Amino acid sequence: MKPKNVPQTIITAAPPLLWETSAAPATRYVSSDPKPLDGTALVPEGLGRSVPLAFSEHSELQVVRHFKALSQANFSVDRNMYPLGSCTMKYNPKIAEAIASWPEFFNAHPNNDKSPALAVLGELQDFLGELTGLRAVSLQPAAGAQGELAGVLIIRAALANRGELETRTEILIPDSAHGTNPASTTMAGFTPITIKSGAGGKITPDLVRPFIGPKTAGIMITNPSTLGIFEDSIQEVARMVHEAGGYVYGDGANFNAIAGIIKPTDYGIDIMHINVHKTFGTPHGGGGPGAGPICVTPELAQFLPGPILEKVGDHYRAQTPEKSIGRLKTGWGNFGVLLRAYSYLISHGIDGIRKNSIQAVLSGNYIMKKLEKIFPAAYPETCMHEYVAENPYVAGGVHTLDIAKRLLDFGIHAPTVYFPLIVKEAIMIEPTESESLEDLDRFVEVMETIAREAQENPEVLKNAPHSLPLGRVDEVLANRKVIVKHDLV
Ligand SMILES: Cc1ncc(COP(=O)(O)O)c(C=O)c1O
């Protein structure tokens with residue numbers, strides 16, 4: 001059935017790509033061994049080869065249009081609202097991109113101990129120590145998940161140091177946690193123990209108490225939780241775990257709601273990673289690139305992955321702690337991402353970060369309130385920077401995926417869907433502090449239109465998107481047979 005009333009979208013028809021219109025194979029080849037004017041060979045003798053020149057049969061204008069259209073075929077935060085809950089796709093200020101291209105940084109070599117890059121990394125460590133209250137910091141981990149792994153390995157090393165590794169084998173994890181928490185725990189050799197959230201979607205001392213005992217190595221808590229809710233018994237839970245001899249790990253993926261307002265040490269966190277690519281604005285669509293610095297108490301500093309930057313007089317020196325869990329990454333970590341995070345931090349200052357957090361929480365609550373009748377919160381209470389909505393239209397056959405796909409027709413990237421797992425058909429909306437009031441209102445209007453369509457004309461949703469080069473893809477096949485490149489010729 002052809003859907004009725006498909007509204008005009010903001011997406012204009014893109015010119016066809018040359019891949020679609022051209023059958024001409026490449027007939028000209030270029031050498032990958034070009035000789036500069038002074039005759040010095042760039043590639044050792046005999047190792048050069050000729051490669052086909054893509055689109056050699058087309059004019060420059062055709063090729064420019066092809067690549068321009070290609071660059072705009074995807075959604076990005078520079079073009080579209082991107083309310084991707086938990087992933088925090090905030091705007092990435094261009095100043096950070098400009099600084100990243102400065103030759104001092106672009107050409108920095110990890111073995112140059114005079115490089116200005118070392119000061120950037122050293123100061124970034126200090127910034128993160130100030131924001132978390134956990135003053136010992138390693139910038140090594142290349143993602144949030146790797147930060148988690150580092151953190152759990154630090155717990156392991158600390159327990160081994162105490163001679164308690166054999167007995168303390170369990171890490172407690174609420175059922176609202178990101179899947180990487182139990183995965184990191186298992187990779188580090190511990191047994192994850194799931195704590196079922198209470199009626200309000202939160203953990204409480206009563207829910208955690210029965211699981212705490214001599215086997216407890218620690219607990220991993222995401223605060224705010226993946227439901228976008230502040231875990232208000234976290235301080236008491238942390239006290240209980242400490243009293244039992246365990247460590248408290250804070251998953252800092254949602255730090256964007258509280259950074260600059262409260263220090264995680266105030267509620268008992270011993271170890272925490274920060275997804276700097278979420279909190280401090282680095283482009284990270286499609287699963288990367290990222291960085292997940294790990295911050296710990298002074299007691300645990302001896303186990304941090306190296307190298308760590310240490311201030312000596314007026315410069316920084318890289319060194320690795322004696323009982324370090326080892327390296328996680330070559331060089332200084334994911335330097336390009338760390339540099340952008342540093343640029344973001346110095347251009348905002350701690351006070352600017354605090355204001356961002358406040359604005360992010362305000363925007364999250366604004367949307368939750370505006371949509372409360374048509375996309376009600378799964379756990380209705382004041383949210384933090386994001387809220388998890390229910391999908392009331394499932395009974396009429398409209399699934400969350402249909403809503404997500406329909407949003408694309410309106411030029412809005414889909415929110416995170418089907419996560420957290422404890423909410424069926426979850427829609428997780430995170431506007432971030434970057435969106436203007438006008439954009440928040442437009443998002444609300446679009447969601448109202450979609451809610452109306454879900455009731456009056458559900459086929460429009462079930463067949464969405466209508467305006468993009470690709471409609472629904474076979475996601476099972478796409479996962480089983482991943483093709484991540486397109487041959488240029
Ligand atoms: C709560 C939570 N923890 C951990 C992670 C893992 O972070 P990363 O994707 O940087 O590995 C995520 C990512 O979305 C997350 O939302």
Side-chain angles (χ1 to χ4, degrees), residues 132-134 136 138 141 145-223 225-226 231-253 264-273 294-305 321-326 421-422:
T132 57
L134 297 159
S138 168
Q146 208 185 26
E148 286 173 34
L149 178 63
V152 190
L153 288 174
I154 288 170
I155 295 181
R156 195 184 163 83
L159 290 175
N161 202 45
R162 279 162 44 178
E164 294 178 41
L165 187 57
E166 298 299 312
T167 48
R168 294 189 181 269
T169 53
E170 295 178 350
I171 298 222
L172 316 182
I173 305 175
D175 59 359
S176 59
H178 198 252
T180 46
N181 286 192
S184 305
T185 296
T186 308
M187 281 174 76
F190 291 104
T191 305
I193 305 291
T194 306
I195 311 282
K196 210 166 157 17
S197 306
K202 293 187 260 197
I203 50 164
T204 63
D206 286 347
L207 289 169
V208 179
R209 192 171 292 109
F211 297 96
I212 298 183
K215 286 188 180 172
T216 303
I219 188 167
M220 289 181 98
I221 313 180
T222 309
N223 191 41
S225 75
T226 63
E231 293 282 9
D232 44 25
S233 6
I234 191 166
Q235 206 170 20
E236 176 57 10
V237 168
R239 195 195 56 73
M240 284 160 45
V241 172
H242 283 150
E243 209 170 80
Y247 293 97
V248 181
Y249 184 96
D251 179 329
T265 40
D266 293 343
Y267 49 79
I269 300 296
D270 302 310
I271 311 169
M272 174 174 151
H273 79 264
I294 184 89
C295 313
V296 300
T297 55
E299 175 210 342
L300 297 172
Q302 54 185 322
F303 307 113
L304 279 173
E322 207 182 311
K323 293 185 179 163
S324 167
I325 58 163
L421 301 178
I422 57 173

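What you see is a predicted model; the values in this text were computed from it and never measured.
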Query raised in the report: When you look at CD of Gln235, are more than 12 heavy atoms from neighbouring residues, nucleotides or ligands closer to it than 6.0 Å?
Result: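 Count not over threshold, so no.
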
If we ignore hydrogens and angles and just use 3.5 Å, is the side chain of [X] paired with the main-chain N or O of [Y] as donor and acceptor?
{"X": "Thr132", "Y": "Pro264", "value": "no"}
{"X": "Thr216", "Y": "Gly213", "value": "yes"}
{"X": "Ser138", "Y": "Pro305", "value": "yes"}
{"X": "Ser324", "Y": "Leu304", "value": "yes"}
{"X": "Arg156", "Y": "Ala188", "value": "yes"}

Is any side-chain heavy atom of [X] closer than 4.5 Å to a side-chain heavy atom of [Y]?
{"X": "Leu172", "Y": "Met220", "value": "no"}
{"X": "Ile221", "Y": "Tyr267", "value": "no"}
{"X": "Met240", "Y": "Pro205", "value": "yes"}
{"X": "Leu207", "Y": "Lys196", "value": "no"}
{"X": "Tyr247", "Y": "Glu299", "value": "yes"}
{"X": "Ile171", "Y": "Pro192", "value": "no"}
{"X": "Asn161", "Y": "Gln302", "value": "yes"}
{"X": "Glu243", "Y": "Ile212", "value": "no"}

How long is the straight-line distance from [atom2] of [Y] back to [atom1] of [X], given to the nearest 0.5 Å?
{"X": "Asp270", "Y": "Leu300", "atom1": "CG", "atom2": "CG", "result": "6.5 Å"}
{"X": "Glu236", "Y": "Asp206", "atom1": "CD", "atom2": "CG", "result": "9.5 Å"}
{"X": "Ile271", "Y": "Leu134", "atom1": "CD1", "atom2": "CG", "result": "9.0 Å"}
{"X": "Ile219", "Y": "Thr185", "atom1": "CD1", "atom2": "OG1", "result": "11.0 Å"}
{"X": "Ile234", "Y": "Arg239", "atom1": "CD1", "atom2": "CZ", "result": "14.0 Å"}
{"X": "Tyr249", "Y": "Glu148", "atom1": "OH", "atom2": "CD", "result": "5.5 Å"}

What pair of heavy atoms forms the shortest contact from [X] to [Y], and how long is it?
{"X": "Phe303", "Y": "Ile154", "answer": "O-CG1, 3.8 Å"}
{"X": "Leu159", "Y": "Ala217", "answer": "CD1-CB, 3.5 Å"}
{"X": "Thr180", "Y": "Ala145", "answer": "CG2-CB, 3.8 Å"}
{"X": "Pro141", "Y": "Ala150", "answer": "CG-CB, 4.2 Å"}

Report task. Kindly indicate, with the supporting measurements, whether the criterion side-chain contact (heavy atoms from CB on, under 4.5 Å) is fulfilled by Ile294 and Met272. Result -> CA-CA 6 Å; Ile294 184 89; Met272 174 174 151; over 6 Å; no

Requested in this report: Kindly determine whether Asp175 and Ser197 satisfy side-chain hydrogen bond (donor to acceptor under 3.5 Å, both in side chains), including the steps that lead there.
Outcome: CA-CA 6 Å; Asp175 59 359; Ser197 306; 2.5 Å; yes

